[in-house]
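Scroll down for the structure; my scribbles are underneath it.
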Amino acid sequence: MADKKSRLHIPQPTARPGDKPDFSYLDLSPAGAVDKPSIDSRTRDIEYLSSGLVRVLDDDHQAVGPWDPDLDSGKLQIALRWMVLNRVFDKRMWQIQRQGRISFYMEALGEEAVSVGQGMALRPGDMCFPSYRNQALYMYRGMSLVDMMCQCLSNTRDMCKGRQLPIMYHSAKANMFSISGNLATQYPHAVGWAMASAIKGEDHIAASWLGDGATAEADFHHAITFAAVYQAPVILNVVNNQWAISTFQGVAGGERRPFAARGLGLGIPGIRVDGNDFLAIYATTLWAADRARRGGGPTLIELVTYRGGAHSTSDDPTKYRPKDEWQDFPLGDPVERLKQHLISLGHWSEEQHEKLEAELTEEVTAAWKEAQQYGTMTEGPFLDPSTMFDDIYAEVPHHLESQRRRMTKVEGVNGGGSDS
Amino acid sequence: MSQMNMIESIRSALDVMMDKDPTVVMMGEDIGHFGGVFRCTDGLQRKYGDHRVIDAPIAEGGIIGAAIGMGLNGLRPVPEIQFADYIYPGFDQIVSELARIRYRTCGEFFSPVTIRTPCGGGIRGGQTHSQSPEAIFAHVSGIVTVMPSNPYDAKGLLISAIESDDPVVFFEPKRIYNGPFDGDPEKPAKSWAAHPKGEVPEGHYTVPLGKAEVVREGNDLTIITYGTLVHVAEAAVEETGVDCEIVDIRTIAPLDVDTITASVNKTGRCVIAHEATRFGGFGAEIAARIQKDCFYNLEAPIRRIAGWDTPYPHAFEWQYFPGKKRLVAGIRDIMEIE
Ligand SMILES: Cc1ncc(C[n+]2csc(CCOP(=O)(O)OP(=O)(O)O)c2C)c(N)n1
Ligand SMILES: [Mg+2]
């Protein structure tokens with residue numbers, strides 16, 4: 001063996017630290033170039049949607065082509081506001097983690113258009129099964145910043161009662177499922193939820209999100225199989241931000257065919273969309289939602305974007321990718337693009353934008369102030385640790401009730417710790 | 001000899017084995033260019049190339065299944081699962097395949113896979129970066145289950161695991177990667193430098209699988225434990241002043257019953273400690289063996305100290321973690337029984 005050379009193919013990213021960023025591997029289509037088919041189209045007739053790139057905003061920030069959703073400027077301003085809020089919130093929470101005041105954080109820098117564009121295209125009765133970079137979906141669907149911060153603080157107002165790592169939000173009221181730490185598990189849940197919606201004869205649909213890296217998990221494949229077999233009313237989104245942690249999208253199998261094409265073999269239409277183009281995201285999601293609602297089954301949407309920041313607060317991306325790679329990303333910055341579009345329409349200005357940023361920064365600061373009143377990691381009020389035994393079962397069984405009593409005793413004063 | 005923490009000694013074991021045996025290959029999420037999220041494979045891809053230190057897709061079932069296939073074709077794969085909490089997508093491949101290939105083919109086929117995976121809490125990782133699922137694997141016949149408690153054992157056991165033709169699930173307690181931890185998160189972190197088991201030979205050596213070690217000799221009570229809790233037990237013993245014997249079982253399955261029963265037959269009292277949840281935990285298996293083999297020498301009931309039967313709660317990890325207080329209380333209780 002030692003004298004023979006390996007013939008295995010090992011995917012290689014186009015650039016590592018110190019190299020010049022190289023996105024030549026990304027197939028791009030000009031804005032407006034990809035046709036918009038009717039929602040009744042057969043998958044085999046619309047395969048082109050999975051290899052092209054649906055774009056609405058062109059290089060001059062104009063909305064062009066058949067996918068232009070024709071939104072009024074008021075709606076665009078609302079979208080911009082949510083995207084900026086997402087960014088400002090993340091920036092603040094990142095700093096807060098760096099100060100040691102929360103244990104962990106993940107930001108959606110550069111991917112804000114995904115949650116906002118898709119969130120706005122769905123209806124409140126539709127159910128979302130998000131991933132950890134969909135914080136703006138929670139915001140858009142009504143979760144307050146204070147509630148999100150309290151979750152990150154594991155304090156007395158934490159919806160997870162201190163049980164979960166920061167950012168693992170949930171809200172039944174907002175039809176937002178709980179974020180799991182285990183990748184891709186939410187995908188089959190979304191399909192099952194959608195199947196139930198169909199069984200019950202309702203027109204609510206489900207949507208789920210995961211990353212390029214997570215498409216490798218078996219749960220991704222389970223989900224697309226069930227979605228296809230039962231034509232479940234579900235939108236399955238792959239947020240291709242080019243990187244998992246240190247591995248580029250080629251390691252997840254993205255080297256030869258786009259992720260949008262993953263479902264074609266099962267008859268699921270795939271749409272590859274500019275993930276930094278709010279208008280294109282909104283339009284493609286609405287198309288998929290209409291199709292699902294009318295009984296046309298699932299759609300797989302690949303959102304081509306770039307992870308602008310580190311994977312998480314535990315990560316240092318300068319170890320595995322060029323430092324300024326994002327600046328060379330050909331699809332730019334989603335916030336900047338929507339902003340420039342609005343400016344070009346005459347419905348926004350640099351001054352307004354600065355004012356908006358300042359306003360939202362203030363809103364976030366005020367929320368942080370309020371959130372801390374419900375407790376921090378070091379200052380009370382504190383959650384009662386004995387609540388850790390609740391919600392494991394619908395009713396606390398005998399052995400957990402006795403462990404709860406012992407915990408209070410041992411961790412409180414002394415004694416205890418007995419067996420049984 | 002040199003000073004190593006557990007990350008370095010594990011890396012050294014991998015290095016020694018990759019150097020010695022060209023069939024040793026590694027595969028896992030972020031283990032190659034990046035060197036692993038805990039740095040255990042740092043530098044190894046540069047040294048041995050990306051065909052032997054392979055960055056894998058995020059698919060634990062795929063990693064383990066493909067490792068099994070490589071093992072069937074003459075390689076000696078050492079896959080890494082980034083966190084033990086993420087091993088479950090590979091569970092079917094471990095239980096239904098890896099564990100049984102030798103049995104169902106009467107030895108014609110086997111796959112010498114060693115799965116490395118960090119386990120345990122104490123790093124504020126919440127319920128998906130803190131679990132200790134060793135009992136689930138110990139329950140599967142055909143799998144060797146290992147959990148070292150120090151750099152010296154980690155390296156020696158890992159080399160034994162890689163050289164073994166049996167499949168091994170090798171748990172690395174992440175809280176003690178950088179230093180022994182006595183269960184008190186308020187104290188400044190200690191390094192391995194001052195610990196005798198931080199002295200590690202640079203080259204090849206083995207610590208045998210299936211052999212426990214008495215890490216402290218004593219006459220009045222036996223503490224049976226492994227992983228992080230070995231260090232918590234040492235601190236607890238010091239605090240109580242009780243003349244305890246501490247047995248670090250090191251290999252969970254197959255279990256070194258002789259060392260355990262010899263100790264308990266000598267002391268007559270026994271506390272079993274592990275970080276994993278108690279119900280159906282590995283402590284139950286140990287207790288059953290002691291009950292059978294030491295019954296007439298027991299002077300008190302066997303006591304288990306373990307994590308509560310809850311998921312690992314983010315904010316309450318120190319209330320969850322079976323720390324010194326709980327061990328001290330347990331030791332005192334058992335000593336008081338006439
Ligand atoms: C089952 C499982 N395996 C591994 C991990 C560790 N992990 C967390 S995020 C991540 C990378 C995911 O990359 P991607 O799916 O592209 O999403 P992104 O972070 O880029 O949004 C990994 C390996 C995990 N959380 N769950
Ligand atoms: Mg990604």
Side-chain angles (χ1 to χ4, degrees), chain A residues 1-2 5-6 8 10-13 16 103-104 154-155 158 160-166 168 180-184 211 213-219 244-247 251-253 314-315 319-320 377 382-383 385-389 392 399-400 403-404 406-407 410-411 414-419, chain B residues 22-23 29-30 32-35 37 49-52 54-62 74-75 82-83 85-86 88-89 123-129 272 278-279 283 287 301-306 308-316 318-320 322-323 325-330 332-333:
Chain A
M1 195 190 131
K5 210 168 148 5
S6 167
L8 191 67
I10 303 286
Q12 301 293 346
R16 286 292 193 186
S103 62
F104 178 79
S154 283
N155 70 12
D158 170 12
C160 302
K161 297 189 182 163
R163 294 172 192 159
Q164 282 275 58
L165 209 57
M168 306 285 185
S180 175
N182 300 61
L183 291 171
T215 60
E217 290 285 5
D219 275 339
I245 301 181
S246 70
T247 51
V251 175
S314 315
D315 171 46
K319 290 221 157 69
Y320 53 79
M377 276 169 44
F382 294 112
L383 273 170
S386 75
T387 57
M388 78 160 93
F389 296 95
I392 295 171
H399 77 288
L400 287 175
Q403 286 187 14
R404 172 167 21 219
R406 270 200 317 282
M407 188 204 72
V410 190
E411 300 295 349
N414 53 5
S418 76
D419 189 1
Chain B
T23 68
E29 296 159 18
D30 303 292
H33 186 273
F34 191 55
V37 296
D50 54 12
H51 292 241
R52 287 185 68 198
I54 303 171
D55 272 320
I58 304 171
E60 293 73 16
L75 299 185
Q82 198 163 77
F83 285 87
D85 315 63
Y86 303 143
Y88 309 116
I123 62 157
R124 274 245 176 212
Q127 59 184 343
T128 57
H129 304 89
I272 301 165
R278 195 188 63 196
F279 193 92
I302 302 161
R303 173 70 52 92
R304 286 179 296 165
I305 309 287
W308 307 118
D309 292 319
T310 72
Y312 219 115
H314 173 254
F316 311 125
W318 300 117
Q319 285 90 348
Y320 172 91
K325 267 192 208 161
R326 257 143 73 190
L327 266 150
V328 165
R332 292 201 170 127
D333 273 5

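Convention: sequence-line order gives letters A, B, ...; per-chain numbering from 1.
- When atom types are taken as modelled, the side chain of B:Tyr86 and the backbone of A:Leu183 share no donor-acceptor pair closer than 3.5 angstrom.
- Side-chain contact check for B:Glu29 versus A:Thr247: every heavy-atom pair is 4.5 Å or farther apart.
- Proximity of a side-chain donor or acceptor of B:Asp30 to a complementary backbone N or O of A:Ser246 within less than 3.5 Å is detected.
- Of the possible polar contacts, one joining the A:Asn182 side chain to the B:Asp85 backbone as a donor-acceptor pair under 3.5 Å is found.
- Looking at A:Arg16, the atoms closer than 4.5 Å to chain B (heavy atoms on both sides) all sit in the side chain, from C-beta outward.
- By the 4.5 Å heavy-atom criterion applied to side chains, A:Leu165 and B:Arg124 are not counted as neighbours.
- Inter-residue side-chain proximity for B:Trp308 and A:Arg406 is flagged as met; some heavy-atom pair is nearer than 4.5 Å.
- Using a 4.5 Å cut-off between heavy atoms, A:Ile392 touches chain B through its side chain atoms alone.
- For chain B, the nearby part of A:Leu400 is the side chain; its heavy atoms alone come within less than 4.5 Å.
- Residues meeting the ring-ring contact (aromatic ring centres under 6.0 Å, His included) test with B:Tyr320, sequence neighbours left out: B:Tyr312.
- Only the side chain of A:Asp315 comes within less than 4.5 Å of a heavy atom in chain B; its backbone stays farther off.
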Apply the test side-chain contact (heavy atoms from CB on, under 4.5 Å) to residues A:Gln403 and B:Arg278: give CA-CA distance (whole Å), side-chain angles for both, the deciding distance (0.1 Å), then the verdict. CA-CA 10 Å; A:Gln403 286 187 14; B:Arg278 195 188 63 196; 3.4 Å; yes
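- The contact between B:Ala56 and chain A is made entirely by backbone atoms, counting heavy-atom distances below 4.5 Å.
- Side-chain contact between B:Gln319 and A:Ser386 is absent, with no heavy-atom pair separated by less than 4.5 Å.
- Between chain A and the residues B:Gly62, B:Gly61, B:Gly283, B:Pro313, the most heavy-atom pairs under 4.5 angstrom are made by B:Pro313.
- Proximity to chain B involves both the backbone and the side chain of A:Tyr320, based on heavy atoms less than 4.5 angstrom apart.
- Rounded to the nearest 0.5 Å, atoms CZ (A:Arg404) and CG (B:Asp309) are 13.5 Å apart.
- Under a 3.5 Å cut-off, the side chain of A:Gln164 and the backbone N or O of B:Gly126 do not form any donor-acceptor pair.
- Only the side chain of A:Thr387 comes within contact range of chain B, judged by heavy atoms closer than 4.5 Å.
- Of the listed residues A:Ile245, A:Asn155, A:Thr215, the one with more heavy-atom pairs under 4.5 angstrom with chain B than any other is A:Ile245.
- Note that OG of A:Ser314 and NE2 of B:His129 are 7.5 Å apart. Values are rounded to the nearest 0.5 Å.
- The greatest number of non-hydrogen atom pairs below 4.5 Å with chain A, out of B:Phe316, B:Phe279, B:Tyr88, B:Phe34, is found for B:Phe316.
- Here the straight-line distance linking atom CD1 of A:Ile10 with atom NE2 of B:His51 works out to 5.0 Å at 0.5 Å rounding.
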Does A:Gln12 form a side-chain contact (heavy atoms from CB on, under 4.5 Å) with B:Asp50? I'd like the steps, not just the answer. CA-CA 10 Å; A:Gln12 301 293 346; B:Asp50 54 12; 2.7 Å; yes
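- Neither the backbone nor the side chain of B:Arg332 comes within contact range of chain A; no heavy atoms are under 4.5 Å apart.
- Of the two parts of B:Ile54, only the side chain, counted from C-beta on, holds a non-hydrogen atom closer than 4.5 Å to a non-hydrogen atom of chain A.
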Audit row: A:Glu217, B:Glu60, side-chain contact (heavy atoms from CB on, under 4.5 Å) steps and yes/no: CA-CA 7 Å; A:Glu217 290 285 5; B:Glu60 293 73 16; 2.6 Å; yes
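- Residues B:Pro57 and A:Ala216 come closest through the heavy atom pair CB-CB, 3.7 Å.
- The heavy-atom pair separating B:Ile58 from A:Ala214 by the smallest distance is CD1-N, 4.3 Å.
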